[in-house]
Q: 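First the structure, which I've put down as structure tokens, then a few questions once you've had a look.
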Amino acid sequence: MVILQTKINSLIGDLYLVASEKGLKGVYWKKQPYLFYEHKNEKINDILCQTEKQLSEYFSGQRQEFNLDLDMVGTPFQKKVWNQLLKIPYGSTFSYLEISKQIDNEKAFRAVGNANGKNPFSIIIPCHRVIASDGSLGGYAGGVDRKIKLLNFEKNRVHL
């Protein structure tokens with residue numbers, strides 16, 4: 001299987017987009033061990049270009065949801081959590097406990113946090129919208145500073 005990546009600049013720093021012929025594999029804060037997309041694979045290059053376009057629209061305030069094919073690799077539980085994260089409205093936050101209740105597994109809030117932390121689709125699957133029950137931000141793969149920027153960005157554009 002061919003996997004390629006590209007690097008884009010965003011309002012919150014460099015992002016590395018990784019894709020296969022099945023779809024987007026991830027949005028990362030650091031370079032991944034894959035070839036860059038200058039290699040000839042029209043389908044993968046299309047996926048990377050479409051992702052870059054949609055992220056650009058997001059950061060310019062023109063997009064609140066993403067419409068991309070995802071090559072989602074994870075456990076059934078992780079996929080269930082990630083699919084639930086997609087339901088969090090733009091500009092909103094939910095707690096780990098709220099997510100665990102929504103997937104009918106109230107006691108799994110720590111496992112929800114773990115699955116949230118392993119989400120490879122930063123921004124696309126909005127794990128930055130998940131916070132602790134006490135209102136604190138918790139962690140974020142891109143760093144809490146980026147999480148704050150993303151939450152403030154969405155909060156200020158919620159009325160698009």
Side-chain angles (χ1 to χ4, degrees), residues 1-8 10 12-35 43-44 46-48 50-52 54-55 57-59 63-155 158:
M1 173 190 294
V2 177
I3 299 174
L4 300 176
Q5 73 179 304
T6 190
K7 176 183 164 186
I8 64 169
S10 77
I12 56 172
D14 292 339
L15 295 171
Y16 291 86
L17 314 178
V18 177
S20 72
E21 290 180 345
K22 293 180 182 178
L24 183 68
K25 290 192 75 58
V27 176
Y28 300 97
W29 305 105
K30 295 179 181 173
K31 183 178 176 184
Q32 300 299 299
Y34 300 109
L35 299 172
K43 184 167 183 165
I44 297 174
D46 254 5
I47 292 165
L48 292 170
Q50 195 58 265
T51 304
E52 183 174 1
Q54 289 190 26
L55 282 166
E57 292 168 352
Y58 169 84
F59 284 115
R63 175 177 291 276
Q64 294 183 359
E65 295 178 2
F66 296 90
N67 179 19
L68 299 163
D69 290 329
L70 302 179
D71 183 0
M72 202 179 285
V73 177
T75 67
F77 181 82
Q78 288 171 332
K79 290 177 184 180
K80 189 174 190 177
V81 170
W82 298 338
N83 282 313
Q84 191 63 41
L85 298 180
L86 288 168
K87 298 176 184 175
I88 302 174
Y90 183 92
S92 299
T93 57
F94 282 65
S95 71
Y96 299 104
L97 179 59
E98 288 172 309
I99 299 294
S100 66
K101 287 178 181 178
Q102 291 167 353
I103 62 168
D104 297 322
N105 198 342
E106 183 175 348
K107 294 184 181 188
F109 59 91
R110 283 190 178 94
V112 165
N114 189 36
N116 192 59
K118 293 187 186 301
N119 168 28
F121 303 98
S122 296
I123 304 166
I124 306 296
I125 294 181
C127 54
H128 60 278
R129 296 180 190 154
V130 183
I131 61 173
S133 293
D134 65 3
S136 63
L137 295 179
Y140 187 62
V144 175
D145 289 346
R146 284 189 178 117
K147 183 172 186 168
I148 291 167
K149 287 178 184 178
L150 285 167
L151 291 173
N152 287 336
F153 174 80
E154 290 184 4
K155 182 179 176 186
V158 77

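Just so you know, residue 1 is the first one in the sequence shown, and it goes up from there.
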Q: Sub-3.5 Å donor-acceptor pair from the side chain of Q54 to the main-chain atoms of N67, do we have one?
A: yes
Q: If you round to the nearest 0.5 Å, how far is CD1 of I131 from OG1 of T93?
A: 3.5 Å
Q: Can you tell me how far apart CG (N83) and CE (M72) are? Round to the nearest 0.5 Å.
A: 5.0 Å
Q: Looking at D71 and S20, what are the two nearest heavy atoms and their distance?
A: OD2-OG, 2.5 Å
Q: Is there a side-chain contact between F121 and L85 (heavy atoms, below 4.5 Å)?
A: no
Q: Is there a donor-acceptor pair under 3.5 Å between the side chain of K31 and the backbone N or O of Y16?
A: no
Q: Taking atom CG as the centre, does D69 end up with more than 12 heavy-atom neighbours from other residues, nucleotides or ligands that are less than 6.0 angstrom away?
A: no
Q: Strictly distance-based, threshold 3.5 Å: is any side-chain N or O of N116 a donor or acceptor partner for the main-chain N or O of V130?
A: no
Q: Using 0.5 Å steps for rounding, measure from the SG atom of C127 to the NZ atom of K147.
A: 7.5 Å
Q: Step by step, work out the side-chain contact (heavy atoms from CB on, under 4.5 Å) result for L150 and F59.
A: CA-CA 9 Å; L150 285 167; F59 284 115; 4.1 Å; yes
Q: Identify the two heavy atoms, one from S122 and one from Y140, that lie closest to each other, and give their separation to 0.1 Å.
A: CB-OH, 4.0 Å
Q: Which distance, rounded to the nearest 0.5 Å, do you find between the CG of L17 and the CG of L48?
A: 6.0 Å
Q: Keeping the roles fixed (side chain from Q5, backbone from V18), state whether a donor-acceptor pair exists under 3.5 Å.
A: no
Q: Within a reach of under 6.0 Å around CD of E65, are more than 12 heavy atoms found that belong to other residues, nucleotides or ligands?
A: no
Q: Let me confirm one number: the CG-CD distance from D46 to E21, rounded to the nearest 0.5 Å.
A: 11.5 Å
Q: Using only atom types and a distance under 3.5 Å, with no angle test, would you say the side chain of W82 pairs donor to acceptor with the backbone of A115?
A: yes
Q: Of the non-hydrogen atoms in I47 and L24, which two are nearest, and what is the gap between them?
A: CG2-N, 3.6 Å
Q: Mind listing the closest non-hydrogen atom pair of F66 and I123 along with its distance?
A: CE1-O, 3.6 Å
Q: Would K25 and Q32 count as a side-chain contact (heavy atoms from CB on, under 4.5 Å) here? Give the steps.
A: CA-CA 11 Å; K25 290 192 75 58; Q32 300 299 299; over 6 Å; no
Q: For the residue pair R63 and Y90, what are the closest heavy atoms and their distance?
A: O-CE1, 4.1 Å
Q: Pick from R129, Q102, E98: which one makes a side chain to side chain contact (heavy atoms under 4.5 Å, CB included) with I88?
A: R129
Q: How far apart are the C-alpha atoms of R146 and W29, what are their side-chain angles, what is the distance that settles it, and do they pass the side-chain contact (heavy atoms from CB on, under 4.5 Å) test?
A: CA-CA 10 Å; R146 284 189 178 117; W29 305 105; 3.2 Å; yes
Q: Under a 3.5 Å distance rule, please check whether Q78 uses its side chain to pair with a backbone N or O of K118 as donor and acceptor.
A: no
Q: Output, in order, the C-alpha distance, side-chain angles, deciding distance and verdict of side-chain contact (heavy atoms from CB on, under 4.5 Å) for F153 and I12.
A: CA-CA 10 Å; F153 174 80; I12 56 172; over 6 Å; no
Q: As an exercise, state the distance from CG of N119 to NE2 of H128, rounded to the nearest 0.5 Å.
A: 10.5 Å
Q: Tell me, do S10 and Y58 make a side-chain contact under 4.5 Å, heavy atoms counted?
A: no
